[in-house]
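Here the structure comes first, spelled out in structure tokens, and everything after it is commentary.
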Amino acid sequence: MSYRIIEKRDMVHQVHLMRVLAPDVAKAAKPGQFVIIRIDEQSERIPLTIADYNVAEGSVTIIFQEMGKTTKRLAALRAQDELEDFVGPLGTPSEIEKLGTVVLVGGGVGVAPVYPQARAYKAAGNKVISVIGARSENLLILEEEMQAASDELHICTDDGTKGHHGFVTDVLQKMLQNGEHVDRVVAIGPPIMMRAVTGVTKPFGVQTIVSLNPIMIDGTGMCGGCRVSVGGETRFACVDGPEFDGHKVDFNLLMSRLAVYRDEESSSLKKHECKCEGGK
């Protein structure tokens, strides 16, 4: 069985949206879950968070950034092309409940998985405050969608081209220091950003949930590649997560494990680019 791409859209530089016809996945999907895709029989398996789903249409939306060989190959596909595998939904769904005030923090492409959570927390009766950031205004994604899903939306850019000139943690810290009552913070983005968020919230005792993105192969807990340390215990992000208590995550270990295959990934990308340019 193959999975047809029904929409492919370039969002910002090297970030793409893809809507895939996968009725069974759409029917079972919940915020916080992910899929594992394979472009063809020779392709590696890569995990991508579900950014949206439409049960009536039978579609699942993924948003991804070009990083290595496989994501660059994926970016080259167009509507009506097909994927070999589109497995999911995988992972434990987000625990959406009525808490009061929930702050959702998204950095870069991390805004994509934050979006369905913003909608779900809002639908559950919470006040939703969203803080999204990017390096520059032209790299912001889903701004209109996040505005619609939030009671308040704060935008941050590293270069000051839009919103707050600085990091998402600046806005979050000011919010907490000014006495805003926050029942839960959800942060999704680069590990260094999520670690910074937990550093801000810990002194205030605010529950902080992060979504981890370790190296993953099968997505069913069998390979052990996605193991992370949470509260001193080994957990598998694919089946125990991907969401965990951010105050208990060993981010240093996570980031060191993400860098294990950096040389091999770089070599694979160079060979792919050389082949695309007609080299050997």
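Only this structure's heavy atoms are used, side chains among them; waters, hydrogens and symmetry mates stay out.
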Tell me if a side-chain donor or acceptor on [X] pairs with a main-chain N or O of [Y] at a distance below 3.5 Å.
X	Y	answer
Lys30	Glu95	no
Asp159	Thr161	yes
Ser211	Ile188	no
Asn126	Thr101	no
Arg38	Glu41	yes
Asn54	Ser59	no
Asp151	Val128	yes
Gln65	Val15	no

Distance (rounded to the nearest 0.5 Å) between [X] [atom1] and [Y] [atom2]:
X	Y	atom1	atom2	value
Leu17	Ile63	CG	CD1	4.5 Å
Glu233	Asp240	CD	CG	10.0 Å
Met194	Leu212	CE	CG	5.5 Å
Glu145	Gln147	CD	CD	11.0 Å
His16	Arg9	NE2	CZ	12.0 Å
Met175	Thr169	CE	OG1	11.5 Å

- Message: Whether the Thr208 and Thr198 side chains hold a donor-acceptor pair (N or O, under 3.5 Å, no angle test) is what I'd like checked.
- Response: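 No, no side-chain donor-acceptor pair sits under 3.5 Å.
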Where is the tightest heavy-atom contact between [X] and [Y], given as atom of each residue plus distance?
X	Y	answer
Pro31	Ala120	CG-CB, 3.9 Å
Tyr121	Val102	CD2-CG2, 3.8 Å
Ala112	Leu142	CA-CD1, 3.7 Å
Gly106	Val114	CA-CG2, 3.9 Å
Ala134	Leu140	CB-CD2, 3.8 Å
Lys98	Gly125	CE-O, 3.7 Å

- Between Asp81, Ile6, Ile62, Thr61, which is the residue that forms a side chain to side chain contact (heavy atoms under 4.5 Å, CB included) with Met18?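 The option that passes is Ile62.
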- side chain to side chain contact (heavy atoms under 4.5 Å, CB included), paired with Tyr3, selected from Val20, Ile37, Leu21: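 Result for side chain to side chain contact (heavy atoms under 4.5 Å, CB included) with Tyr3: Val20.
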- Message: I'd like to know if Val185 and Val230 are part of one continuous hydrophobic network [Ile/Leu/Val/Met/Phe/Trp/Tyr, side-chain heavy atoms within less than 4.5 Å].
- Response: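 Per the 4.5 Å side-chain linkage, Val230 and Val185 are co-clustered.
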- For the hydrophobic clusters of this structure (ILVMFWY residues joined by side-chain heavy atoms under 4.5 Å, transitively), does one cluster hold both Ile129 and Val200?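 The answer is yes; both residues are in one hydrophobic cluster.
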- Task: Tell me, with the steps shown, if Asn252 and Arg195 meet side-chain contact (heavy atoms from CB on, under 4.5 Å).
- Result: CA-CA 9 Å; Asn252 291 331; Arg195 183 177 66 179; 2.6 Å; yes
My understanding is that only residues two or more places apart in sequence, or in another chain, count here; which of them pass side-chain hydrogen bond (donor to acceptor under 3.5 Å, both in side chains) with [X]?
X	value
Arg227	none
Lys162	Glu143
Thr49	none

Are [X] and [Y] ion-paired here, with the side-chain N under 4.0 Å from a carboxylate O?
X	Y	value
Asp250	Lys248	no
Arg184	Glu97	yes
Lys174	Glu180	no

- In this structure, are over 12 heavy atoms from other groups packed under 6.0 Å from Leu253 atom CG? yes
- Item | Residue Phe167 excluded, over 12 heavy atoms near CZ under 6.0 Å |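 Atom CZ in Phe167 is not packed in, count stays at 12 or less.
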- Item | Sub-4.5 Å side-chain heavy-atom contact between Ser150 and Tyr115 |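 Not touching, per the 4.5 Å side-chain cut-off.
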- Kindly indicate, with the supporting measurements, whether the criterion side-chain contact (heavy atoms from CB on, under 4.5 Å) is fulfilled by Val206 and Val103. CA-CA 10 Å; Val206 179; Val103 177; over 6 Å; no
- Check step by step if side-chain contact (heavy atoms from CB on, under 4.5 Å) holds for Leu153 and Ile132. CA-CA 8 Å; Leu153 176 64; Ile132 63 174; 4.1 Å; yes
